[in-house]
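Numbering starts at 1 and runs along the sequence shown. Scope of the values below: all heavy atoms of this structure, side chains included, with no hydrogens, waters or symmetry mates.
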Amino acid sequence: AQAGLSWSTILRKREGYRSAFAGFDAERVARFDRRKVERLLADPGIIRNRQKVEAAVRNGRAYLALRAAGTSFADFVWPFVGGAPKQNHRRSLREIPAGWLYR
């Protein structure tokens, strides 16, 4: 939901998201239908953007598909960062390596 918005905007709506998206229960979110999406688009407690709301439903379904295939979410995401947390404590833009975004 954050893409294109400030983190402070998203964090202020945290409780609204928790309520709107069933406590982030993937099984419940994956069952959201067109009517539920339309209700969410009227909810001032969240960012009311159709693409973001529909993406959350698709992500719930994708998460369940991973789990059904025997893959944990952790096993899916850790390879993107080489299996270890990234520490990006840069003090200036000059410290960011060229091509860093594409690694």
Side-chain angles (χ1 to χ4, degrees):
Q2 189 274 331
L5 301 168
S6 72
W7 274 111
S8 61
T9 297
I10 300 305
L11 291 174
R12 279 193 309 269
K13 293 184 176 277
R14 183 173 22 199
E15 289 308 313
Y17 273 98
R18 184 170 284 123
S19 174
F21 288 96
F24 306 118
D25 180 328
E27 291 180 4
R28 291 176 61 193
V29 172
R31 290 192 306 265
F32 286 6
D33 60 11
R34 184 182 49 77
R35 287 187 322 217
K36 177 65 174 177
V37 168
E38 293 302 323
R39 283 194 299 269
L40 289 174
L41 293 174
D43 184 343
I46 65 170
I47 304 300
R48 294 173 287 178
N49 175 288
R50 181 175 302 278
Q51 290 176 319
K52 292 176 188 291
V53 170
E54 290 176 348
V57 176
R58 284 192 309 274
N59 287 343
R61 293 173 184 158
Y63 171 79
L64 294 178
L66 272 177
R67 201 169 71 185
T71 302
S72 73
F73 186 68
D75 289 341
F76 175 74
V77 297
W78 276 113
F80 289 101
V81 292
K86 295 290 183 187
Q87 300 299 318
N88 294 317
H89 298 284
R90 313 278 191 220
R91 285 174 258 191
S92 73
L93 292 177
R94 290 181 183 184
E95 292 181 359
I96 299 173
W100 176 77
L101 294 174
Y102 306 104
R103 291 184 187 177

Please tell me whether [X] and [Y] are part of a single hydrophobic cluster in this structure, the criterion being side-chain heavy atoms less than 4.5 Å apart.
X: Leu41; Y: Tyr17; result: yes
X: Phe73; Y: Leu64; result: yes
X: Val77; Y: Val81; result: no

[X] atom [atom1]: more than 12 heavy-atom contacts under 6.0 Å:
X: Phe24; atom1: CZ; result: yes
X: Glu95; atom1: CD; result: yes
X: Arg14; atom1: CZ; result: no

Would you give the length of the straight line joining atom [atom1] of [X] to atom [atom2] of [Y], rounded to the nearest 0.5 angstrom?
X: Arg58; Y: Gln51; atom1: CZ; atom2: CD; answer: 8.5 Å
X: Thr9; Y: Ile47; atom1: OG1; atom2: CD1; answer: 6.5 Å
X: Tyr63; Y: Thr71; atom1: OH; atom2: OG1; answer: 11.5 Å
X: Asn59; Y: Leu66; atom1: CG; atom2: CG; answer: 10.5 Å
X: Asn49; Y: Leu40; atom1: CG; atom2: CG; answer: 12.0 Å
X: Ile46; Y: Ser19; atom1: CD1; atom2: OG; answer: 9.5 Å

If we only count heavy atoms from C-beta on, is the Glu27 to Arg67 side-chain gap below 4.5 Å?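 Yes, side chains in contact.
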Within the side chain of Lys36, is there an N or O that forms a donor-acceptor pair under 3.5 Å with the backbone of Val29? no
Any donor-acceptor pair under 3.5 Å from Lys13 side chain to Ser8 backbone: no
Do Arg34 and Glu54 sit within salt-bridge range, that is, some charged N less than 4.0 Å from a carboxylate O? no
Got a salt bridge between Arg50 and Glu38, using NZ or NE/NH1/NH2 to carboxylate O under 4.0 Å?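 Here Arg50 pairs with Glu38 in a salt bridge, since their nearest N and O are under 4.0 Å apart.
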Kindly write out the residues that satisfy ring-ring contact (aromatic ring centres under 6.0 Å, His included) with Phe76, not counting sequence neighbours, or none if the list is empty. Phe80
Mind listing the closest non-hydrogen atom pair of [X] and [Y] along with its distance?
X: Trp78; Y: Pro85; value: CZ3-N, 3.5 Å
X: Phe21; Y: Ala56; value: CE2-CB, 3.6 Å
X: Ala74; Y: Pro79; value: O-CD, 4.4 Å

Pairing residues for Glu15 by the side chain to side chain donor-acceptor pair (under 3.5 Å) criterion, not counting sequence neighbours: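 Scan of Glu15 (side chain to side chain donor-acceptor pair (under 3.5 Å), adjacent residues dropped) gives Arg18.
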